[in-house]
Amino acid sequence: MKELEKQYDPKTVEPYWYDRWQQKGYFHGDASKGGTPYCIVIPPPNITGILHIGHALNNTIQDILVRWQRMEGKNTVWLPGTDHAGIATQNVVERALRKEGKTRHDIGREAFVGKVWDWKEEYGGTIIRQLKRLGASCDWERERFTMDAGLSEAVEEVFCQLYDKGLIYRANYITNWCPRCHTALSDEESEHQDVAGKLYFIRYPVKRDGKLTASEFVVVATTRPETLLGDVAVAVNLKDDRYKALIGKTLSLPVLHRDLPVIADDFVDPAFGTGAVKVTPAHDPNDFEMGQRHKLAPINVMNPDGTMNEGAGPYAGLDRFECRKRIVTDLTAAGLIEKIEAHQHAVGHCYRCDTVVEPRLSLQWFVKMKPLAEPALQAMLDGRVRFVPERWNKVYADWMGNIRDWCISRQIWWGHRIPVYYCDACHHQWAARGKPGHCPQCGDANLRQDEDVLDTWFSSWLWPFSTFGWPHKNPDLALYYPGHTLVTASEIIFFWVARMVMAGIEFMGEVPFREVYIHGTVRDDKGRKMSKSLGNSIDPLTIIEEFSADALRYSLMMITATGQDVYLSNEKFEIGRNFGTKIWNAARYMQMQDPAGPVRAAAGFDAALLSADDRHILAKLSQTIEACTENLKRFRFNDAAQDLYAFIWHEFCDWYVEYSKDVLYGQDAARRAEVIKVMHYAFSTALRLLHPFMPHLTEELWHGMGYGSEEETIMLAPWPKPLTGELAQWGATPEVVQYVDARHELIRMGRMLRADCGIAPGQKLDYSIKPNTPQLTVWLKADTTTLMSMLKAKSVSVDAAFVPAAAMPSALTPIGALYMPIEGLIDVKAESVKLTKQLEELGGHLERANMKLNNPSFINKAKPEVVAQFEKSRQELQEKFNKVKRLLDMMG
RNA sequence: GGGUGUUUAGCUCAGUUGGUUAGAGCGCUUGCCUCACAUGCAAGAGGUCACAGGUUCAAGUCCUGUAACGCCCACCA
């Protein structure tokens, strides 16, 4: 126990406690200790990354869950680590290399990969250090990297299993190609962006009897004129009368003068463009399929870097966009451009470098996804894994249901090299774990390994079990798999979450986590995504510097409604800072009153000495425990944060501390001791609830106040339980709560009157409250009309008989008396619900009765007495109905 | 094109199974450096709950439609 400084100093306090927690090993989970596991794996940030505000949000949420569950006594692991981020990291190192005037090809594969490792050693830990500054209670002893030995082993194992099962294949196919990164991309890595492009209408001359006709053309529309160099046909719809006669005829490809057949294909939509489509199998996925259907060999006219190759004839060597310009110029000169229209369409962009993606034919590796997706979809439908908020279930299901094969090969050097080997002697090809010495078929030792590396996500999708030592069986894997919760943003549901579910089921036989909490995206105050290029990003470390890590964490939680996007600006962080200051000062107040208070508080209360206010704050505390816990269970972090804020600031500080001053500065020693006990009880409990949100401040106060011994930590203090039994024991009944709440209302009204009537704050007024009909008598210098209207606005009843003038101090004018009915308050909601049920029942009867009476067959068949009797009872019912309705109206 | 989210105070947002007077923070107005806290205290003003219908005794909340903005997915060249 030490005296609290006047000013809280997070800059020294926060790192102090974080280091201590780490030294003491509080973050580490030990499988041999057994118990109920609670495991979260971190979405591994890229080694190229620096902590941005989205990470801060994501990791604060995870830390809150983990710290809460740790206090609940679970065997907790939050497994941290980083992702090697293939393309992104390679780009960074290549850029550095370029500054030296070199390319990766100049230094060779091995040296380049060595350089990336060097870079990783030097800079790859940045984000980890930043997570520590945030207060993340990760199990750092378990830190993993997607390229470390264990994970690489898992990657090879998975590749071989899928390969041997026939789920991995190699094929020539149109893939998304990034000409800047020189690699294929998966569909997910190609981001569609709307682009204001142009639709070029180009004339293809028709040949008759092998000769060009001067005036006959087929006009095709395209957004990428340069690809016409790779055309092998023009397609029309069989049902399109305009072109029927041309099917089977020959056209001449502009510029290159190649002969192109006119073919018929259902794919062509007669309503779009001109109804005639150029067929370019090497540069368009649809055309590729058409080419296959019609057995037309593709012509590739582009190099991997996006320049035109020798197939482009005179345009060889030009960049694709330069070529586009030139070809349009040339076509225009030749009179072959019919028109050019503006055309808005979606174009794929590389998710790493934002270059326009080129659909391009190349030899790539793929994973067959359907067999993996079906059980993963089923797991969600069964509820074995569920998304919060629920709406993401549908997004997940849609993707799983329409899944396409996953292109997993990348033409880069940084990553897990594809473990496929080729024997040139016998042309055998196989996948192997570890580096094989010779060909298993012919024994030849002259082997080649595939040059490509795997998609980064091919290691990420194994993260929940590869990090625990899979494929080797071990106690960690047995206890901590499957994990409990996954916390992430919606952007990587397809990249990562969905694929982890598939891998978990395929290789572990069970989903990797039970629930997936999808939080919102952090945006700036104009609704834009935070990004470096926009210059609108808020650097969490700057915020930590200016406010504190706890302030950052708490503020983020206050404004993050479940799954909603967060709009952020700098001043939002004042919430957390001010809250921290408030708490600090409340603690100082208590310490000043009685430094030994916490010790005495441990003794428990003497119920007979508790006042209504004491009981009230204890009841509110219990409500807060319950609400806060429930809200954490439901991922309602903003509500939980709000609960704590309202309790600590408004109940505890605004009311209870103020109330306590009367007692603590007073003479009644027994009451004084009791109030101090209550105060410490409430405060220390609130600190525990707040710990997951503001870990450093709460630990500092836990020790500063002396709630735990030097060797203890609030991190492992038990999570508070609602005080159901205790409240009854202490006499903290709902009536007491209602009474005190009502009195607060009265006091507020008194203050209002003071303020409105201009009574100086220093001037004492005489408020008297009588039991049962607590009456506030106010003497004020104001007229009755004013008071009446004020009271009316607050809908408080005013006794018609004012206090007799004789009873007033002569210097003041009596103006009114205020009544607050405490006994006999009607629970309008409960009563209404009761009546509503009655009404529904009556309504049902009534409707049936009406139906019967309106039914001709009933009237005809029934005896008149029966009808009369029926009519009578229907009227009675109606009356009853109206009565209930009137009652309801009165209450409403 | 399909899906999905948002629209509530000047601003940023809560508002759970429909139910008492629609809340919070910031900002604003007024008065206070009152012995924990001016990063504070007390009081106040400020709302046609996007719009139009509907269901209900009762709608910010449920249903139908409309509009604006946003996000995701998508091989009409």
Side-chain angles (χ1 to χ4, degrees), chain A residues 4 6-8 174 187 192 199 220-224 227 235 267-269 271-274 276-280 284-289 343 345-346 348 359 389 391-392 394-395 398-399 402 490-491 493-494 520-521 523 525 527 529 547 551 555 558-559 561 563-569 571-572 574-575 577-593 631 634 636 638-639 642 645-646 653-654 657-658 661 665 748 751-756 758 760-762 794-795 825-833 835-836 839-840 843 881 884-889 891-892:
Chain A
L4 299 176
K6 190 161 166 53
Q7 199 74 44
Y8 174 54
I174 296 268
D187 293 331
H192 288 92
L199 194 55
V220 303
T222 180
T223 53
R224 294 181 294 153
T227 63
F267 164 77
V268 182
D269 174 5
F272 186 88
T274 61
V277 181
K278 61 196 263 320
V279 181
T280 322
D284 183 279
N286 295 310
D287 294 7
F288 179 76
E289 309 247 318
H343 184 64
H345 63 143
R391 61 173 182 272
W392 297 108
K394 192 170 160 12
V395 174
D398 285 350
W399 189 75
N402 300 307
S490 62
E491 287 102 76
I493 289 179
F494 305 140
T521 306
R523 299 171 184 285
D525 49 8
K529 254 189 195 172
F547 298 94
S555 304
M558 266 307 249
I559 58 177
Q564 282 306 2
D565 285 356
V566 182
Y567 287 50
L568 213 52
S569 53
E571 62 268 21
K572 293 256 170 85
E574 288 173 8
I575 303 173
R577 181 199 56 188
N578 295 355
F579 188 42
T581 307
K582 188 73 181 175
I583 295 168
W584 185 259
N585 283 304
R588 281 181 58 231
Y589 166 77
M590 282 184 278
Q591 200 179 53
M592 277 166 62
Q593 292 301 332
N631 282 324
R634 298 172 59 195
R636 303 184 69 99
N638 60 327
D639 287 337
Q642 191 79 239
Y645 192 89
C653 294
D654 287 354
V657 165
E658 291 309 317
K661 286 176 180 171
Y665 289 112
R748 224 173 281 130
R751 286 171 181 165
M752 178 188 80
L753 292 172
R754 286 182 89 109
D756 288 1
K794 283 279 160 190
S795 55
L825 273 183
I826 301 167
D827 184 343
V828 177
K829 185 182 168 184
E831 287 298 317
S832 304
V833 168
L835 283 170
T836 303
L839 201 62
E840 271 166 12
F881 187 85
V884 174
K885 210 178 148 200
R886 269 201 304 278
L887 269 170
L888 271 172
D889 285 345
M891 281 189 309

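Note that this is a predicted model, so its numbers are computed, not measured. Keep in mind that the numbers below use all heavy atoms, side chains included, and drop hydrogens, waters and symmetry copies. Chain naming here is simple, since letters A, B, ... match the order of the sequence lines and numbering starts at 1 in each.
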When you get a sec, tell me which of [options] is the closest nucleotide to the side chain of [X]?
X	options	value
A:Asn578	B:A77, B:A36, B:U39	B:U39
A:Phe267	B:U39, B:A77, B:A36	B:A77
A:Asp269	B:G25, B:U12, B:A77	B:A77
A:Asp639	B:A14, B:C72, B:U12	B:A14
A:Tyr645	B:C72, B:C37, B:G25	B:G25
A:Thr581	B:C73, B:A36, B:C37	B:C37
A:Asn638	B:U12, B:A14, B:U39	B:A14

What residues, two or more places apart in sequence or in another chain, satisfy side-chain hydrogen bond (donor to acceptor under 3.5 Å, both in side chains) together with A:Asn578?
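For A:Asn578, no residue satisfies side-chain hydrogen bond (donor to acceptor under 3.5 Å, both in side chains) once neighbours in sequence are set aside.
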
First of A:Phe579 and A:Met590 reached from the 5' end of RNA chain B, by closest nucleotide:
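Looking at RNA chain B, the more 5' nearest nucleotide goes with A:Met590.
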
>> I want to confirm an ordering. Mapping A:Leu199 and A:Asp187 to their closest nucleotides on RNA chain B, which one lands closer to the 5' end?
In response: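 Result of the comparison: A:Asp187.
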
Rounded distance in Å - [atom1] ([X]) to [atom2] ([N]):
X	N	atom1	atom2	answer
A:Arg588	B:G40	CZ	P	14 Å
A:Trp399	B:A74	CH2	P	10 Å
A:Asn631	B:G15	CG	C1'	12 Å
A:Glu491	B:G70	CD	P	17 Å
A:Arg634	B:U17	CZ	C1'	10 Å

Taking OP1 and OP2 of [N], is either one under 4.0 Å from a side-chain nitrogen or oxygen of [X]?
X	N	answer
A:Asn402	B:A74	no
A:Arg636	B:A14	no
A:Tyr665	B:A36	yes
A:Lys394	B:C73	no
A:His192	B:C72	no
A:Lys582	B:A36	no

* To do: Please name the pair of heavy atoms, one in A:Lys278 and one in A:Arg224, separated by the smallest distance, quoted to 0.1 Å.
  =>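 Taking every non-hydrogen atom into account, NZ-O, 4.4 Å.
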
If I pick the [atom1] atom on [M] and the same atom on [N], what distance separates them, to the nearest angstrom?
N	M	atom1	answer
B:G27	B:C41	P	13 Å
B:G31	B:C71	C1'	47 Å
B:U7	B:C49	P	14 Å
B:C33	B:U39	P	15 Å
B:G25	B:A74	P	44 Å
B:U61	B:A9	P	15 Å
B:A77	B:C63	C1'	42 Å
B:U30	B:U66	P	48 Å

Base, sugar-phosphate alone, or nothing: which one does [X] contact when heavy atoms must sit under 4.0 Å apart?
X	result
A:Glu574	nothing
A:Lys661	base
A:Arg577	base
A:Asp654	sugar-phosphate
A:Val657	base
A:Ala346	base

May I ask you to say whether A:Arg634 pairs ionically with A:Asp639, meaning some side-chain N is under 4.0 Å from a carboxylate O?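 No salt bridge links A:Arg634 with A:Asp639.
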
Side-chain contact, heavy-atom cut-off 4.5 Å: A:Lys661 with A:Tyr589?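 Result yes, sub-4.5 Å side-chain heavy-atom pair found.
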
Exercise. Check whether any side-chain heavy atom of A:Ser555 sits under 4.5 Å from a side-chain heavy atom of A:Ile575, and report yes or no.
Key: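 Yes, side chains in contact.
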
With hydrogens left out and only the distance checked, is there a donor-acceptor pair under 3.5 Å joining A:Glu658's side chain and the base of B:A36?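 Check passes, donor-acceptor contact within cut-off.
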
Looking at [atom1] of [X] and [atom2] of [Y], how far apart are the two atoms once the value is rounded to the nearest 0.5 Å?
X	Y	atom1	atom2	result
A:Met592	A:Leu4	CE	CG	11.0 Å
A:Tyr645	A:Asn638	OH	CG	14.5 Å
A:Ile493	A:Trp399	CD1	CH2	10.5 Å
A:Asp287	A:Phe267	CG	CZ	7.0 Å

Query raised in the report: Between A:His343 and A:Phe272, how do the two ring planes meet: parallel, tilted or perpendicular, split at 30° and 60°?
Result: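 Rings of A:His343 and A:Phe272: perpendicular, as their planes differ by over 60°.
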
The dot-bracket string of RNA chain B, counting Watson-Crick and G-U wobble pairs with both distances under 3.5 Å, using [ ] for crossing pairs and | for pairs to another strand, is (((((((..((((.....[...)))).(((((.......))))).....(((((..]....))))))))))))....

